[in-house]
Number of protein chains: 2
Amino acid sequence: MDYWDLFLYLLLWYISLPLQNLKKQKITIHDISKALKIDSSTVSRALNDSSRVSLKTKQKILDKAEELGYQRNILASNLRTNKTNTIGVIVPRISRSFFSSVISGIEDTAQNSGYNVIICQSFESFEREKKIMNTLLSNRVDGVLISISMQTTSFDYLKPYLDYGGPIVFYDRPCSFENCSSISVNDYKASYTVTEHLIQSGCKNIVHFAGPQIIDLYKNRKQGYVDAIINNGLEFKESYCFESKLAEEDGVAFAKKIISMENIDGVYSSNDTAAIGAMQYLKFMGVKIPEDIAVAGFNNDPISSVIEPGLTTINQPDFEMGKIAANMLIEQIKNETTNKESKVLDVELIIRNSSQKN
Amino acid sequence: MDYWDLFLYLLLWYISLPLQNLKKQKITIHDISKALKIDSSTVSRALNDSSRVSLKTKQKILDKAEELGYQRNILASNLRTNKTNTIGVIVPRISRSFFSSVISGIEDTAQNSGYNVIICQSFESFEREKKIMNTLLSNRVDGVLISISMQTTSFDYLKPYLDYGGPIVFYDRPCSFENCSSISVNDYKASYTVTEHLIQSGCKNIVHFAGPQIIDLYKNRKQGYVDAIINNGLEFKESYCFESKLAEEDGVAFAKKIISMENIDGVYSSNDTAAIGAMQYLKFMGVKIPEDIAVAGFNNDPISSVIEPGLTTINQPDFEMGKIAANMLIEQIKNETTNKESKVLDVELIIRNSSQKN
DNA sequence: CCCAATAATCCAATCGATTGGATTATTGGG
DNA sequence: CCCAATAATCCAATCGATTGGATTATTGGG
């Protein structure tokens, strides 16, 4: 008989094994409700500090919640209130220092306003961007901040989210779509300034590394370059413009072309990454910077101050842009309105040795 | 009478105004259910491709869902199934290139396995880390990947999440806590290798920029340095070890000290950031690298190949680490088990000019 | 001590999807 | 054509928190 007992005991133990690995049941308001014999609605109100609950009861409930280790189930709360207190951020790549600063700004503001942030990388892929937008909609984020990918030309994929009533704010790469707000820097003016700076430094034949022209941002940067060239009495040549995605390899490839062109004495790249690729190759080939060829970039990546010579570039208020973008979005979420608004921030020309011929 | 009609019309229009800004009601399975006179449970099963629904009905439901623009409400689904298909990632800073590569690896694996990723930055703050962990628990993420902050010494704040049954995997900065898995590189061995390389290159008095010694990772790196020094017949001096958070400014500050020490001929920094800060200052002061002082770092930041001379450093399999970490976590989520496992990856010494005296 | 006014608490429905079990419809062998 | 076996569909409860309205308890003036 003792053996039988032992057997039963072992059997029960064996059966219970898989259960030990299951997620423990979390404490809910109903547990508190039962423990105190107080209706769960009152518990809910107490936990939300409602004035409909007496101080005495509130304290009892809070104490019990603490004691049981209660943790509000946000999923249930969100479902009921139809809010998630979460904003989605779509970013081309977080590894670009510009974007990671913007994100820090966004997080800063969001946290102060009680919002969570979901960061998603599109890796400059349109397909990925569409998928992300879908996920964000499914997750019912309260708003979306987006910097579109270099491939994005159609914006229909944003429709479902807008129809749902979620606000969207474009940052860095603005685009005129429906009544969405946007925040960016004055790319045209910045570009004009850098180009003029190169000209004043003595450049006569300046090539331009342009980004994808389907993106307004890069179109504006190119236009700034074009106008500065023309307004300063130089001749604009389309053959001096190289379009690419501005990766480091693109810069290297363009540098090769430039060397074969022989008369080039200046480079203005739409970002630092490509500028640095070009500089590395030019230096490797014995071209003197800035004496033979002056170089300027855009973004003020940390790397631009480390390379030799230091790279002249444009510094953008990245952190601030993130803060403002988040503020604009949260404003719209709270007001449940969508009054279009386009903010444009000013930038700063950082002059280093790469551009100073004299 | 016509005026009255007009008045009524305007009144109705005015009343409806605020409604226009409200979020539109989304289509639910019940809308599909009503439209087709099919029970919502069948609709749900059809949308989940259950075998309990006939092909014909399934098609009808899918068509109607498409037609109405149905979008599954993930919140409701998650609440019911007690799963979120989301993993949380806590990272000190996304702007560090090492971490952004790890994240890319994590996202890659996660996406392939159907998981969403929430990225949260602790900015090396313990307080922030605790808050984030709380948010992740409240949001009931299915698992957490964490690289602890430089301030983290106590791990009690992880308890509630572990009690809840959520798995945690440490990456990059492992720590022996309960039965949590971890993945990291062989910091000790890497450190030993770099240090020995500096010695073989002719360095006799090598200082070490150490990270916070409360973090195992930095302890291991220091130990590798110490042992390499001793095993190669040099004298270890505690005064040659400078502890800091390894920011660029720290590197600059240490460089100042080094110059005043006069006999130093080598620097091994626990990260590239501080190494580069030091290099910049040393170069500025006219110290020749590597002839006067050889320098080596850790991480292989992009910047390390751009600075002159190129910085000798350790390349870690960052992207791979992210992939493996995510895989380990997802494995645990699926199996609902937590068998502790510590993976250690190997690294690669990248020799550039900053360390080659001869 | 009574009763109206106010405060505190409870009831019951709801958010949208999922799921075990019950019921109804269909199939096919005899 | 009948009926057992199987397929397809429906019923009803559930996940956990919230909320408008109903009910009960308390307060305080007379």
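Lettering follows sequence order; numbering is per chain, from 1. These numbers were taken from a predicted model, which means no experiment stands behind them.
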Is [Y] paired with [X] through a side-chain N to carboxylate O contact shorter than 4.0 Å?
X         : Y         : result
Asp49(A)  : Lys58(A)  : yes
Glu331(B) : Lys343(B) : no
Arg93(A)  : Glu107(B) : no
Lys323(B) : Asp108(B) : yes

*Ignoring hydrogens and angles, answer whether the base of dG20(C) and the side-chain atoms of Arg45(B) contain a donor-acceptor pair closer than 3.5 Å.*
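Answer yes: a donor N or O sits under 3.5 Å from an acceptor.
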*Does any donor-acceptor pair link the side chain of Arg80(A) with the base of dT19(D) at a separation under 3.5 Å?*
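Checked by distance alone, the answer is no.
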*Do the non-hydrogen side-chain atoms of Cys180(B) and Phe155(B) ever get within less than 4.5 Å of each other?*
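No, side chains not in contact.
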_What's Asn48(B) touching, base or sugar-phosphate or nothing? Going by heavy atoms closer than 4.0 Å._
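Sugar-phosphate contact only - Asn48(B) comes under 4.0 Å of backbone atoms but never of a base.
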*asked:* Under 4.0 Å, counting only non-hydrogen atoms across every strand here, what does Arg72(A) touch: a base, just sugar-phosphate, or nothing?
replied: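 The residue Arg72(A) makes sugar-phosphate contact but no base contact.
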*Of residues 33-44 of chain A, the positions that come close to DNA chain C - non-hydrogen atoms, cut-off under 4.0 Å*: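 Hits under 4.0 Å, by residue number: Lys37(A), Ile38(A), Asp39(A), Ser41(A), Thr42(A).
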*Between Gln111(A) and Arg128(B), does any side-chain donor sit less than 3.5 Å from a side-chain acceptor?*
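Yes, a side-chain donor-acceptor pair sits under 3.5 Å.
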_Testing the 3.5 Å rule here: is there a donor-acceptor pair between the side chains of Ser41(B) and Ser44(B)?_
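Not at all, the side chains of Ser41(B) and Ser44(B) share no donor-acceptor pair under 3.5 Å.
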_Reading 5' to 3' and counting Watson-Crick or G-U wobble pairs with both distances under 3.5 Å, write the dot-bracket notation for DNA chain D, | for bases paired outside the strand._
||||||||||||||||||||||||||||||
